[in-house]
Each structure stands twice: as structure tokens, then as C-alpha cells.
Amino acid sequence: MDSQENPSRKIVPIVPVAAAEDDVQMVSLYAATQKIYPRSVQGIFAKWRWFMVVLTQLVFYGLPWIEWGQRQAVLFDLGARRFYIFGFVLYPQDFIYLTAILVISAFSLFLFTAVAGRLWCGYACPQTVYSEIFLWVERKVEGDRSARIRLDGEKMSLEKLFKKVYKHIVWMAIAMWTGFTFVGYFTPIKDLGMEFFLGNMSSWEVFWVFFYAFATYGNAGFMREQVCKYMCPYARFQSAMFDKDTLIVTYDAERGEPRGARSKKADLTTLGLGSCVDCSLCVQVCPTGIDIRKGLQYECIGCGACADVCDTVMDKVGYPRGLVKYSTEHAMKNGWTKEQTLRHVFRPRVILYITILVVVVAALFTSLGLRKPFKVDVVRDRASLARIVAGGKIENVYRLQIMNAAEKAMNYELSVDGLRDISLLLEGDANVAATESRWISVRVQLPYDAATPGSHPIQFKIRAIDEGGHAQSELIEKSVFLVPR
Ligand code: SF4
Ligand code: SF4
């Protein structure tokens, strides 16, 4: 029955209810990248960074071109499973040296970080070094910060197109040369150069040259600070290696605040201002675009550019330098002098890192110094275990891999010991060319009743004889001799 049929029933109007607004807010986690235009800077830390750029790149680009005897001085020949490092020829069996180098690298990083924060990031990391080189090219072609900002804001013109194309060509040339040099550590660089010009490079060589070049071009040309901020894991765990005596780039807030612009002659006490003139130059020079005055931030790579530029500002306004400087939390809190701060560098943790480093480096060099110029692997021939041969003797067959790590051909004298009347038969010679390795089959024989059935330990003695007939060194390798029942 509806309302028309029952007039006593009250009609309630239906009022549309508006959806609750703004209870839930959509928050976008995406933030468009703000391009950073670092201003050029001069000062002591900028000089150190350029020194490291030149040094690391002289080593990187120059090393593959150095000759050592008849070969490239540093070559990681993965195909032949051999590493050549000046006078050393390392085989996969020398893996322990690689381990030692990794331990030294890790503890060096711990040490530098404990002493002075992100020294590696600010001065020697390839990302910093190539960003610095690419930025230098950018400045030469497009001008310093304000000129670059202006150019990017302009409409496309012939001049802008020319500058952009020119910059990218130079960047690509540097990136290609870097990729070529990188591959030159794994394949002889002179041959690689010839192959490049003749168009004979293998597909893997082409892939790695272009891959490494592309990574250099992308990381140093476009991604720069984003690699440090979002991709590099080191930024995330650096704070675990810092303590209150670690030197980090610090803004002296007590001295600098309250910040504010003022005329050069203004009396700070009357104005109630600190030393910071709020010029924002420290932000403009920062390669990661942060403001050091907000305190330590994980984006800070410790490059010291803000300290350099702030010192020049302090010089101009006639205030003492060091408003932004390398200092420690303890030094800032206790007002230590530079000498007092440096005295706290040698704390137990730093001494421990130095001790470990000294021990590992000494062990590495001692081991390299005592290293025999050849290696031998003994493998029992599984196809023929023990057998009875002519003369009623028991024979076991072995394969010896002799790896000659010397730069000259060697002859090897082989003998066996460990059981009465045991003898060794070698077919052919045991000559191995310089830095080569070779498998040699040997038969070891024992009179029938010289040993009881079972497995008996024996030793192979291998002696290296040079071309002049002089014995060089000797190795003993253990194995077993099987006597059947
Ligand atoms: S450069 Fe120095 S004076 Fe200028 S804003 Fe930065 S901290 Fe202040
Ligand atoms: S805050 Fe200073 S030290 Fe840190 S990255 Fe920026 S310029 Fe370099």
C-alpha cells in the first residue's frame, strides 16, 4: 500500500548524502627530478678533488698501454684464466691474493670513513670523478651555473642546438674511450685497437665497450647525484661507520646563526646576526643540491665544495674562515682547536683498522715474495686405477698440470717418493713455455710385493730447471698410490 492509499503515513524526503570529502588524501610519492646546476668552485678541497681525478684517470687510461717484456703489463686474460700484473702471473689457484686485495680494500674504506667520512665518495669514486669531468666539459661548452640555467630556459635556437650537440659529442667520445680502456684490461689493448679500426672486434668486445661507455655517459652525464642518492648502497650504511670523532663537513650553526644578509660594514652585535650572510652559495656549489646548514644528510658526499666556497665568502666579508669545515661532533660540542681535533683521530677503532691493514698487507707481500714461480695440480687418472704391467709391477697413472708462472720457458724434473722402490715413468718431456700451463701424464710403478693392498700416501717432487740448466725451485705435491688385492 502506498502513501496515496494511507494519508496518515508521513512522507520522509530522501536527502542525498554528500560523500565525506578530504577524509582520505591521495599522496603521490613521485617527485619530478629537479636538475642541479652546480656552480664551479675553487679552494683547497677542489684542488684535492682535481688531483685525484687526474691521478685516477692517469692510472686507469694509462695502465693498459704499459708493456712488460713481450706482453701487456696489466692484463686480466679471462679466456686463458690468467691474470698478468707486472711481474706476476696469477692462476685461478692464486685466488687467495684476490681475497687479500678485497680485504685490504674493505678495511681501507672502513679506515678512511672512520677518520674522515665519505672521503672515497667525495674524491675518488668513479661516479664523482666522471661527473667532475663531464661537468667540466659542460662548463666549457655552456658556461657556468647561471649561463646553463639561462640556456636551458631558452627556446631552441641554432646556438643552443650547436652547444648541446657539441657537449654530447665530447661526452660520448670520453665515454667511448672509457669503455674501450675498460675492455683493454681484459683483451690486449693494442690488438683491440687494431680490431676496432678493422671492424674485427668480437661481439662480446663490442657489447662491453658500448655497455661501459653507455653506463659512463648515462651516470656521469645525466644521473650524477641520483646515483649517489638512490642507487649507491654505501650512502645507506655510512652512518654505521661514523662516530663522534669522525671528520665530516659541518656547518658551525652556533657561529653562523641567526643568518641574514647585511652590509660589509654592519655591526653584527647590533643586528643580532651570526656569520652566515645567507648567500646560498654553499647550496649552489653542492653537487647533490643539499643545504649543509640543515646538518648532516645522507646525500652529502663529503666533497668539501661548500667549505671551499664559504671560505671565499668569509674572506670577502672579512670574517674568519671555517664557518663550514671538516670537523667532528665532539670538536663542535667542546670547541676543540684543529690540533685537539686531529689528536682524537687515533682512537682505538682507527688503530684496530690500521693494525689489520698492516698485518694483511705484510702477509700479502710476504706471500708474494715467497711464491714459487710455478704450480702443480696432481690428478689421479680415474680411467685406469691400479693395474699389473709387464715385469709384475703395479702401476698407477696420474695427470700433472704444471703452471709456469715465470716469464721464461722451464723444464721440470719429476720424481716420486714415499714407498720403497717406487719409480716414475715420463713419456716425452716436461717443458712448459713461459706463463703457460700444460697437462703431463706420468706412470708410477711399484714392485708387486713392495706394499700391502690399499691406499698409500706418496709425494711427487717437481723441480724447475731453467734454460741454462740451473735448478730454480722445487715443489712437493701429495697424492696416493693404490695397491689392488
Ligand atoms: S656559503 Fe657560507 S655564508 Fe653563504 S650561505 Fe653558505 S654558510 Fe652562509
Ligand atoms: S653538502 Fe657540501 S660536502 Fe656535502 S655534498 Fe654538498 S657541497 Fe659536498
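Every number for a ligand or one of its atoms is a count from 1 in the order of the listing. Since the structure is predicted, the reported quantities are computational estimates derived from the model, not experimental observations.
A donor-acceptor pair shorter than 3.5 Å can be found between the side chains of E257 and Y251. Defined by atom type and a distance below 3.5 Å, a donor-acceptor pair is missing between the side-chain atoms of T312 and D315. A donor-acceptor pair shorter than 3.5 Å cannot be found between the side chains of Y353 and S108.
Protein heavy atom closest to atom 4 (Fe) of ligand 2, with residue, atom name and distance, is C300 SG, 2.3 Å. The protein atom (non-hydrogen) at minimum distance from atom 6 (Fe) of ligand 2 is C286 SG, 2.3 Å. Closest to atom 8 (Fe) of ligand 2 among all protein heavy atoms lies C303 SG, 2.3 Å.
Contacts with ligand 1 closer than 4.0 Å are made by no heavy atom of V283, backbone or side chain.
Relative ring orientation between Y217 and H168 is described as perpendicular, the plane-to-plane angle rising above 60° on a 0-90° scale split at 30° and 60°. Ring orientation note: the planes of W136 and W50 are nearly perpendicular, at an angle over 60° on the 30°/60° scale.
Close contacts of ligand 2 with I301, meaning ligand atoms under 4.0 Å from a residue heavy atom, involve 4 (Fe), 5 (S).
Tally of protein N, O or S atoms closer to atom 2 (Fe) of ligand 1 than 2.8 Å: 1.
Every side-chain contact (heavy atoms from CB on, under 4.5 Å) that L161 has, sequence neighbours left out, goes to M156, V165.
Of the residues listed (Y130, F182, F207), the one engaging Y212 in a ring-ring contact (aromatic ring centres under 6.0 Å, His included) is F182, and it is the only one.
In this structure, D278 and R293 have side chains that are in contact, with non-hydrogen atoms separated by less than 4.5 Å.
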